Amino acid sequence: AMTLDGWTATREKHARWVTGEQSRRRVHRLRDRFDAILVGVGTILADDPSLTTRMARGRGRDPIRVIVDTRLRTPPDARVVTQESEAHTLLAVGEATDPERVRFIEAKGARVVRCPVRAGKIDLEALLGILGSMDVTSVLVEGGASVLGSMIRHRLVDKFYLFMSPKLLGGDDGIPMAAGPGPGKMDGALRLRDVRYRRYGEDILVTAYPDYGTDAGDAVGSG
């Protein structure tokens with residue numbers, strides 16, 4: 001979810017709410033369809049989200065909650081760890097993470113998987129492979145900017161759902177949709193195909209597929 005000028009939160013990291021109620025209901029319907037939902041630990045530290053599916057009349061299935069957390073910074077009292085849910089929370093940590101910290105948060109109910117690290121961050125391509133080996137076949141990546149930037153740069157996204165709200169922050173100090181180095185020239189921008197638009201209240205949902213061509217992406221780290 002973002003403003004028309006591309007920000008997902010203000011300079012104070014305030015993001016409630018960028019979009020309206022109808023868009024948020026659509027997001028919960030999306031969560032119900034996916035095996036897992038993935039966010040970076042920065043989202044956990046900033047918002048303490050539940051990452052559950054909340055639909056009318058108690059319907060909806062919670063996806064597995066996957067937290068990209070290289071140094072295991074997720075607080076043991078975070079909602080993703082302590083809440084009651086039929087789906088578990090999986091923390092993707094670096095291979096060198098302190099075993100004592102791992103045991104402590106596992107005792108709180110979370111599951112921990114150690115992942116390869118590149119450039120000091122979780123190798124997201126390797127993580128997706130690990131999830132696939134666990135029969136997780138669909139992952140909804142909700143953020144934050146570092147994770148989304150890495151997913152986009154290294155061609156790990158199959159489909160985009162972009163909710164755009166008729167709001168402008170009008171500055172240059174908010175939180176962008178994606179963080180990290182972008183292309184130097186517009187020719188390097190990722191092109192999207194099969195673009196569709198749909199209104200949800202005052203918001204617009206843009207769905208599209210990335211046009212990667214035939215080149216393969218590189219391994220990527222984040223979190």
Side-chain angles (χ1 to χ4, degrees), residues 1-10 13 15 18-19 23 26-27 30-31 33-43 63 66-68 70 92 115-132 136-200 203-223:
M2 71 188 79
T3 63
L4 284 182
D5 48 353
W7 303 108
T8 62
T10 69
K13 299 182 179 180
V18 176
T19 53
S23 294
R26 180 69 175 93
V27 169
L30 279 174
R31 290 181 180 181
R33 291 170 45 195
F34 281 78
D35 292 339
I37 180 172
L38 185 150
V39 302
V41 66
T43 297
V66 181
I67 315 303
V68 181
T70 309
C115 298
V117 173
R118 291 180 181 267
K121 295 183 178 181
I122 295 296
D123 183 333
L124 292 178
E125 188 171 12
L127 172 58
L128 293 178
I130 292 171
L131 293 175
V136 174
T137 61
S138 58
V139 180
L140 181 64
V141 181
E142 288 201 7
S146 176
V147 170
L148 285 173
S150 295
M151 295 286 293
I152 292 169
R153 281 192 302 277
H154 296 272
R155 304 183 173 193
L156 299 176
V157 179
D158 296 316
K159 184 176 182 178
F160 287 94
Y161 295 84
L162 307 174
F163 288 89
M164 306 189 72
S165 170
K167 297 176 183 177
L168 298 172
L169 291 188
D172 62 357
D173 54 358
I175 307 298
M177 181 192 82
K185 296 183 178 180
M186 193 57 66
D187 290 347
L190 174 62
R191 292 185 176 274
L192 303 180
R193 59 179 175 81
D194 300 330
V195 181
R196 296 186 178 185
Y197 307 89
R198 183 169 178 176
R199 288 282 299 270
Y200 285 91
D203 305 326
I204 297 174
L205 169 61
V206 181
T207 58
Y209 295 87
D211 186 0
Y212 290 136
T214 58
D215 295 335
D218 299 322
V220 54
S222 186

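On a predicted model such as this, the values are computed, not experimentally measured, just so you know. Heavy atoms only: backbone and side chains are in, while hydrogens, waters and symmetry mates are out.
- Annotation: side chain of P176 is not in contact with side chain of T8 (no heavy-atom distance under 4.5 Å).
- Side-chain contact between Y212 and V157 is present, with heavy atoms from C-beta onward closer than 4.5 Å.
- For the pair S146 (side chain) and A179 (backbone), a donor-acceptor distance under 3.5 Å is absent.
- Side-chain atoms of R26 and Y200 form a donor-acceptor pair, as typed in the model, at a separation below 3.5 Å.
- Formation of a donor-acceptor pair under 3.5 Å by the D5 side chain with backbone atoms of L168 is not found in this model.
- S165 places no side-chain N or O within 3.5 Å of a backbone atom of T3 that could act as its donor or acceptor partner.
- Residue pairs that meet the salt bridge (charged side-chain N to carboxylate O under 4.0 Å, His left out) test with at least one member in residues 157-167, sequence neighbours left out, do not exist here.
- Put simply, the side chain of C115 reaches to within 4.5 Å of the side chain of I130, judged on heavy atoms.
- Inter-residue side-chain proximity for V68 and L38 is flagged as met; some heavy-atom pair is nearer than 4.5 Å.
- Here the side chains of V147 and V141 are in contact, with some heavy-atom distance below 4.5 Å.
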(request) With side chain to side chain contact (heavy atoms under 4.5 Å, CB included) as the test, would you mind laying out the steps for I37 and V66 before giving the verdict? (result) CA-CA 6 Å; I37 180 172; V66 181; over 6 Å; no
(message) Apply side chain to side chain contact (heavy atoms under 4.5 Å, CB included) to residues I204 and R199 and explain how you reach the verdict.
(response) CA-CA 5 Å; I204 297 174; R199 288 282 299 270; 3.7 Å; yes
(request) List the steps, then state whether side chain to side chain contact (heavy atoms under 4.5 Å, CB included) holds for E142 with L30. (result) CA-CA 11 Å; E142 288 201 7; L30 279 174; over 6 Å; no
